[in-house]
Amino acid sequence: MSASVISGKVLAAQVKQEAAQRVKELRAQGVTPCLAVIMVGDNPASTAYVKGKAKDCEECGIESRVIHLPQQTTQEELLDIVDELARDAAVHGLLVQLPLPAQIDDQAVINAIPPEKDVDGFTAENVGRMVIGEDCYLPCTPAGVMAMIHSTGISVAGKQAVVVGRSNIVGKPAALLLLREHATVTICHSKTKNLAELCRSADILVAAVGRKGVITGDMVKPGAVVIDVGINRGDDGKLCGDVDYAAASAVAGAITPVPGGVGLMTRAMLMVNTVKAAVRCLPKA
Ligand code: NDP
């Protein structure tokens with residue numbers, strides 16, 4: 001039996017359509033949601049991501065501003081621009097595209113973003129709020145992962161969830177969101193000894209490593225929900241995930257493809273967060 005495909009294309013289109021509807025209502029109330037994206041240098045992947053964000057904004061009726069700075073920008077110069085956009089009342093969401101050049105301390109810049117404009121959900125304040133379960137912006141990729149799991153109709157509570165990867169932007173927050181919904185969560189990383197065995201115990205398996213084929217078909221429990229966050233290039237130059245898709249989809253109950261999976265949901269969730277940021281600015285009744 002082959003797994004059902006969790007389509008990022010279909011889900012993201014639904015999420016963006018709802019966001020666009022909300023933007024219409026906001027505009028009618030005098031608020032035009034606006035997302036500012038700062039990009040430093042010319043990393044080709046970042047250029048593609050920033051273009052994608054501007055396109056999504058356009059589709060949803062959100063105003064987008066892209067501030068493109070040269071590779072040699074200093075931390076001080078970048079902080080000045082963040083500060084300017086932080087004070088600009090017309091800008092609701094503000095993010096700095098990562099990675100930043102080596103001369104800049106990523107976290108120092110992220111923490112200069114006011115938490116109420118931090119639509120990536122990366123500031124220490126937002127992360128802290130997420131940990132203690134307070135209202136916050138959820139980081140876009142883990143939020144997309146959860147939406148994809150929910151779309152299968154399974155109940156997360158009581159399930160064994162295994163997250164492979166422990167980065168601050170994907171693995172750790174994905175594990176926290178699963179925990180928040182009462183899964184029993186195991187986090188694996190490069191020092192994990194019995195990765196295959198742990199993965200095989202997972203009702204919900206989230207792969208966020210960045211290595212093609214790190215999850216093989218025999219590491220997937222029959223019927224599991226498999227969410228592949230990884231973005232890699234195959235030997236043929238084509239995009240692929242961390243999971244051996246052909247082998248895993250013969251075993252899993254549901255699986256996300258790459259491309260056409262989590263990446264599209266990540267982008268859609270940024271639109272949701274930008275709308276949320278704009279809602280905060282509605283005049284109080
Ligand atoms: P990082 O490189 O920051 O983290 C990778 C994690 O994988 C680390 O925790 C590392 O462990 C772990 N790891 C590395 N090798 C192994 C291994 N052999 N076995 C088990 N764990 C291992 O990456 P990110 O979290 O930023 O991204 C992960 C992937 O997701 C990348 O391919 C990235 O491009 C993609 N991505 C996709 C997004 C999307 O929207 N689809 C958004 C963001 C990222 P350790 O901590 O011990 O080093």
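Atom set for the values below is all heavy atoms of this structure, side chains included, hydrogens, waters and symmetry mates excluded. Both counts, for ligands and for their atoms, begin at 1 and track the order of listing. In this text the structure is predicted, and so the values were computed from the model without any measurement.
With a heavy-atom cut-off of 4.0 Å, T141 touches ligand 1 through its side chain alone. Of all the heavy atoms of V164, the ones lying under 4.0 Å from any atom of ligand 1 belong exclusively to the side chain. The proximity of T192 to ligand 1, defined as any non-hydrogen pair under 4.0 Å, does not occur for either the backbone or the side chain.
Counting protein heavy atoms only, atom 27 (O) of ligand 1 is closest to V170 CG2, 4.3 Å. Protein heavy atom nearest atom 40 (O) of ligand 1, with residue, atom name and distance: T266 OG1, 2.7 Å. In this structure, the protein non-hydrogen atom closest to atom 5 (C) of ligand 1 is V209 O, 3.4 Å. Of the protein's heavy atoms, I231 N, 4.3 Å lies nearest to atom 33 (C) of ligand 1. The shortest contact between atom 21 (N) of ligand 1 and any protein heavy atom is with H189 C, 3.2 Å. Looking only at heavy atoms of the protein, atom 37 (C) of ligand 1 is closest to V229 O, 3.1 Å. Nearest protein neighbour of atom 1 (P) of ligand 1, counting heavy atoms only, is S167 CB, 4.1 Å. Residue, atom and distance of the protein heavy atom nearest to atom 31 (C) of ligand 1 are G210 CA, 3.6 Å.
With distances taken over non-hydrogen atoms, the option nearest atom 46 (O) of ligand 1 out of R166, R211, K172 is R166. Nearest to atom 48 (O) of ligand 1 by heavy atom, out of A207, C240, S190, is S190.
At least one heavy atom of A208 sits closer than 4.0 Å to an atom of ligand 1.
Residues L198 and V225 do not share a hydrophobic cluster, defined by chaining ILVMFWY side chains whose heavy atoms lie under 4.5 Å apart. Both M271 and L95 belong to a common hydrophobic cluster when Ile, Leu, Val, Met, Phe, Trp and Tyr are linked at side-chain heavy-atom distances under 4.5 angstrom. There is no path of hydrophobic side-chain contacts, each under 4.5 Å, that joins Y49 to V109.
The existence of a salt bridge linking K276 and D135 is confirmed by a sub-4.0 Å separation between a basic side-chain nitrogen and an acidic carboxylate oxygen. Look at E18 and R22 and you find no salt bridge, because none of the NZ, NE, NH1 or NH2 atoms lies under 4.0 Å from a carboxylate O. The pair D118-R129 does not meet the salt-bridge criterion, since no charged nitrogen lies less than 4.0 angstrom from a carboxylate oxygen.
Using a 4.0 Å cut-off to heavy atoms of I169, the atoms of ligand 1 that qualify are 26 (O). Atoms of ligand 1 found under 4.0 Å from any heavy atom of G165, numbered from 1 in the order shown, are 6 (C), 7 (O), 9 (O).
Heavy-atom neighbours of E58 CD from other residues, nucleotides or ligands within 6.0 Å: at or below the threshold of 12.
For ligand 1, none of its N or O atoms has an N or O atom of C188 under 3.5 Å away.
Pairs passing the salt bridge (charged side-chain N to carboxylate O under 4.0 Å, His left out) check and including a residue from residues 69-80, sequence neighbours excluded, do not occur.
In terms of modelled atom types and a separation under 3.5 Å, the side chain of D242 and the main chain of D228 share no donor-acceptor contact.
Qualifying salt bridge (charged side-chain N to carboxylate O under 4.0 Å, His left out) partners for K51, counting only residues two or more places apart in sequence or in other chains: none.
Using modelled atom types, one finds a donor on one side chain and an acceptor on the other under 3.5 Å when comparing T266 with T141.
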